[in-house]
Amino acid sequence: MSSDTVDMATPDEGKVESEATTPQDNALAQLSRAAEEIEVSEYVIERLSHPHKVHEVTVPMKHDDGSHSMYTGYRVQHNAVRGPYKGGIRYHPEVSREESIGLAMWMTWKCAVMDLPFGGAKGGVAVDPKTLSETERERLTRRFTEEIRDVIGPTKDIPAPDMGTNPQTMAWVMDAYSMQEGETIPGVVTGKPPVVGGSEGREGAPGRSVAIITREALDYYETPLESATIAVQGYGSVGANAARLLDDWGATVVAVSDVNGAAYDDTGLDPHEIPSHDEVPEAVTRDAETVITNDDLLGLDVDVLIPAAISNVLTAETVEYVQADLIVEGANGPTSAPADELLEARGIPVIPDILANAGGVTVSYYEWLQDINRRSWSLDRVTRELESDMLEAWEAVREAHETHGVTWRIAAYAVALKRLEAAHEARGLWP
Ligand code: GLU
């Protein structure tokens, strides 16, 4: 136990005990909890509870019908002590300063858990991308890139896809940035299509890491993968890729869902037959024989529950009916701080997002290396390196879990915070 825990001076101080309302509340509550259980310098914890920089921009856009809208965009740069800022760009109506700060903090921990030479960032535009045409999305992306151009760059801050954005969005970011710089700079952004410097295996990487970590966690708890039942909430890139791999490896996926509800079969679904959100949006229940609600899915008596949709779905209220033996977080921040404590009290282990879905940023790192070296890797090499990096991170977190006798989330924080503390100490404080 650290004797010098810190009161964090943040606008949301005091909300920790109540239901976390924003990812910032949740991230700060987690950091504060970790600081109670792990010995980390008071200064470092305080430094990490504040982002380095918060950029807020107005993004004007002309619609196809000639009308105009003003959107608000953000780029939060949380910490760069271990390397350039790194993290996704999200297009979603709920994008806000608070959400971007929380998500940027999680990126700092995620990169440190994976031992990548990156810090943490996140950003986005408060817009519902479903209401925009393809050409409107392109104009919005180019203008947003221009608004944040001064603060991003291959050695400064490297964006990537997140909710509501995809490889095409990243190609536009790369093009808009490169056009202004006067040269093609693929390393400014990751998650691009391979034809313009993207990495093979990047799109499927977050789902692959969720599957790898689920496999390792089941093994740790001595549940054979071949007899494990799995429910996946959210069928975007993360949920669908995780479900399909786990099915390939012999597990039984009994439920998968999107916003309309869940397809359910207690004898097992074929996740390859169900279109992911990227293939056909919101079509999970289209051909399903049995449809249940998302809340029903959270309450299924399965071996593993994978929340892979949005943040804050496991709350003090919804965890009441969780019956799964193990939770593996596919989304960023799906479990609120009070829910986390309730799950701990009930002995339901939660493998945290900052480890489980870290395959995305890990393959982003491979992509960045490929861009800088102007040499691409085969899918085979990406898959091999990801497997080995995920196992290394799993081992580090497992060791912390056993050594400190803490939850998996605190164990992942222990690994990340120790690395961040060492970097802060080595660099010192300027001036
Ligand atoms: N948006 C992804 C995440 O939340 C990936 C970020 C990246 O590749 O930089 O981890």
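We number each residue from 1, following the sequence as shown. In each ligand, atom 1 is the first atom listed, and ligand 1 is the first ligand listed. Values below: every heavy atom of this structure, side chains too, minus hydrogens, waters and symmetry copies.
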Can you list the atoms of ligand 1 that are under 4.0 Å from a heavy atom of [X]?
X	answer
M107	3 (C), 4 (O), 6 (C), 10 (O)
A160	6 (C), 7 (C), 8 (O), 9 (O)
K122	1 (N), 3 (C), 4 (O)

Out of curiosity, is G87 lining ligand 1, as in a heavy atom under 4.0 Å away? yes
Do any heavy atoms of P159 fall under 4.0 Å from ligand 1? no
With a 4.0 Å cut-off on N to O distance, would you call [X] and [Y] a salt bridge?
X	Y	result
R244	E279	yes
K110	D353	no
R409	E37	no

For Y413, check ring pair (Phe, Tyr, Trp, His ring centres under 6.0 Å) against everything at least two apart and list the hits. W109
Partners meeting ring pair (Phe, Tyr, Trp, His ring centres under 6.0 Å) with Y235 (sequence neighbours left out): none
Does an N or O from R202, backbone or side chain, lie closer than 3.5 Å to an N or O of ligand 1? yes
Please report whether ligand 1 has a polar contact with I158, defined as an N or O pair separated by less than 3.5 Å (distance criterion only). no
Quick check on K156: does its NZ atom have over 12 non-hydrogen neighbours (other residues, nucleotides or ligands) under 6.0 Å away? yes
What protein heavy atom sits nearest [atom], and how far away is it?
atom	result
atom 1 (N) of ligand 1	D162 OD1, 2.7 Å
atom 9 (O) of ligand 1	K86 NZ, 2.8 Å
atom 3 (C) of ligand 1	K110 NZ, 3.3 Å

What do we get for L103 next to ligand 1 when only non-hydrogen atoms under 4.0 Å count, side chain, backbone, both or neither? neither
Within 45° cone of W394 ring axis and under 6.0 Å: R398 NZ or CZ: no
